[in-house]
Every structure is written in structure tokens, then in C-alpha cells.
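Read through the structure below, which is laid out as C-alpha cells, and then see the notes.
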Amino acid sequence: MRRNAIRAARWLHELFEASLVVKGLLATAEGLSGLALLLTSNGVILGFVDWLTRNELAQDPTDAMARWVESLARGFSIELQHFYAVYLLGHGALKLAMVVLLAARVAWAYPAAMVVLGGFVAYQLHQWTISGSSVLLALSAFDLVMIALVWREWRGMRAPGATH
């Protein structure tokens, strides 16, 4: 029985470390996307969408996907682009800092990460009630698992004789 508990604890610790890698990769992609939005002119983005959809619409003017992408691009103002750029940069930087601090085993980062992740979950679930996006539910589920793993690691770190 003790051997199974040790094996489960090791597996959960490895899952925690793997989730840090995934979070770090996603945070990096988010930050780079925000930076790209900040450094790319709105005209270039709109030109790219035009190039992307032009041939499809020439072949089939009723193509729903191409029309939808074109419609999104028409509503993609400079102000909206800057909002997304700053949001993605800030969100990515915050998550990346959280990952780095947790990987470095900084004690105060554990409760701080749980609060930050809880905030992300609350915001994502609020947005889900508006949009119904299953992606937001998946991100929220991932963040809830991450909260549980962070809590477990933090609890284990504070336990007498902790060896992680």
C-alpha cells in the first residue's frame, strides 16, 4: 500500500512538472502572439486575410468560412488589435512568470499562482457564458487541474521532511 502511495505521489509530481512545461509553452506562444500583433500593422493583417480568402471566394462566393474570416477582419480595428496585443503580452508574461517561479520552487508563488489561475478560470467561465466556446471550458478545466496540482505541491513542500 505504501509503495502505491509513493508511486502515485511521484506520478502527480511529474504531472505537475509536465503541466508547468505546457503552461510555459502556451504562455510563450501567447506572449509572442501579442508581440507580433503589436509589431504588425493593421493593414498587413487585413491584407493577409484578403490574400487568404481571395481565391476561395473567387471559386465559391458563398463559402461560409471565408466569409466569416473576412467579416472578422473587417471588424478588426487598430484599437482592437492593440487591446489584443497588450492582453496577450500581459497574460503571457504573467503566466510565464508564474511558471518560472513555480519551477524555481519559490514558496510565495504557490498561493499566488492558485489565485492567478483562479482568476483566469473565473474570467474564462464568464466569457464562456457569453460565447459558449468549448475551448474556454477546456482551458478552465486545465487551469483547475493545475490549481489542484499546485496546491498539492505547495502542501507537500511545506510538510516536514519534504524532498521534492
Side-chain angles (χ1 to χ4, degrees), residues 1-40 42 45 48-49 65 68-69 71-73 75-164:
M1 187 76 148
R2 175 93 171 116
R3 173 178 263 156
N4 287 341
I6 292 171
R7 190 175 305 140
R10 185 174 296 125
W11 183 82
L12 286 170
H13 177 70
E14 289 171 2
L15 183 61
F16 169 75
E17 289 178 342
S19 67
L20 286 181
V21 171
V22 170
K23 274 285 187 201
L25 291 172
L26 290 174
T28 301
E30 224 174 334
L32 291 174
S33 298
L35 188 60
L37 278 176
L38 199 59
L39 298 176
T40 305
N42 191 265
I45 294 170
F48 176 71
V49 170
M65 179 66 86
W68 177 72
V69 169
S71 170
L72 285 176
F76 196 61
S77 66
I78 292 171
E79 293 80 14
L80 191 58
Q81 179 182 349
H82 287 161
F83 167 78
Y84 280 121
V86 170
Y87 177 81
L88 288 170
L89 270 171
H91 195 252
L94 183 61
K95 285 198 299 188
L96 195 55
M98 178 187 72
V99 166
V100 168
L101 291 169
L102 289 173
R105 303 187 50 76
V106 175
W108 61 265
Y110 290 82
M114 289 185 280
V115 169
V116 167
L117 289 167
F120 290 162
V121 169
Y123 179 74
Q124 290 160 181
L125 290 177
H126 169 70
Q127 288 301 312
W128 172 75
T129 64
I130 296 167
S131 70
S133 169
S134 57
V135 172
L136 291 170
L137 282 180
L139 288 172
S140 296
F142 181 63
D143 285 343
L144 287 170
V145 168
M146 187 75 190
I147 289 169
L149 291 170
V150 169
W151 178 79
R152 188 195 164 284
E153 286 289 317
W154 183 48
R155 192 184 69 182
M157 192 173 101
R158 297 178 340 167
T163 60
H164 288 318

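Computation of the quantities below employed the complete heavy-atom set of this structure, encompassing side-chain atoms and omitting hydrogens, waters and symmetry-equivalent molecules.
Residues Gly75 and Leu80 come closest through the heavy atom pair O-CD2, 3.6 Å. Between Ala27 and Lys95, the shortest heavy-atom distance links the atoms CB-CB, 3.7 Å. For Gly24 against Leu96, the heavy-atom pair with the smallest separation is O-CD1, 3.9 Å. The minimum heavy-atom distance linking Leu88 with Ser33 is given by the pair CD1-CB, 4.1 Å. Closest of all the heavy-atom pairs between Asn42 and Gln81 is ND2-OE1, 2.9 Å. Closest of all the heavy-atom pairs between Met157 and Arg105 is CG-NH2, 3.2 Å.
Between Ile45 and Leu37 there is a side-chain heavy-atom pair separated by less than 4.5 Å. For the pair Met98 and Leu117, the minimum side-chain heavy-atom distance is below 4.5 Å. The side-chain heavy atoms of Arg7 and Asn4, taken from C-beta on, include a pair separated by under 4.5 Å.
Counting heavy atoms of neighbouring residues, nucleotides and ligands inside a 6.0 Å radius, atom CG of Leu125 exceeds 12 of them. Atom OH of Tyr84 has 12 or fewer heavy atoms from other residues, nucleotides or ligands within 6.0 Å.
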Would you tabulate the side-chain donor-acceptor contacts of residues 130-151 under 3.5 Å, counting partners in other chains and residues two or more places apart, or write 'none'?
residue, atom, partner, partner atom, Å
Ser131, OG, Gln127, O, 3.1
Ser131, OG, Ser133, N, 3.2
Ser133, OG, Val135, N, 3.3
Ser140, OG, Gln124, NE2, 3.2
Ser140, OG, Leu136, O, 2.9
Asp143, OD1, Lys23, NZ, 2.2
Asp143, OD2, Gln124, NE2, 3.3

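Aromatic ring orientation, Tyr110 versus Phe16: parallel (interplanar angle below 30°, classes split at 30° and 60°). The aromatic rings of Phe120 and His91 sit tilted relative to each other, their planes meeting at an angle between 30° and 60°. The aromatic rings of Phe83 and Tyr87 sit parallel, their planes meeting at an angle under 30°, below the 60° perpendicular limit.
Note: Leu89 CG to Leu94 CG = 12.5 Å, rounded to the nearest 0.5 Å.
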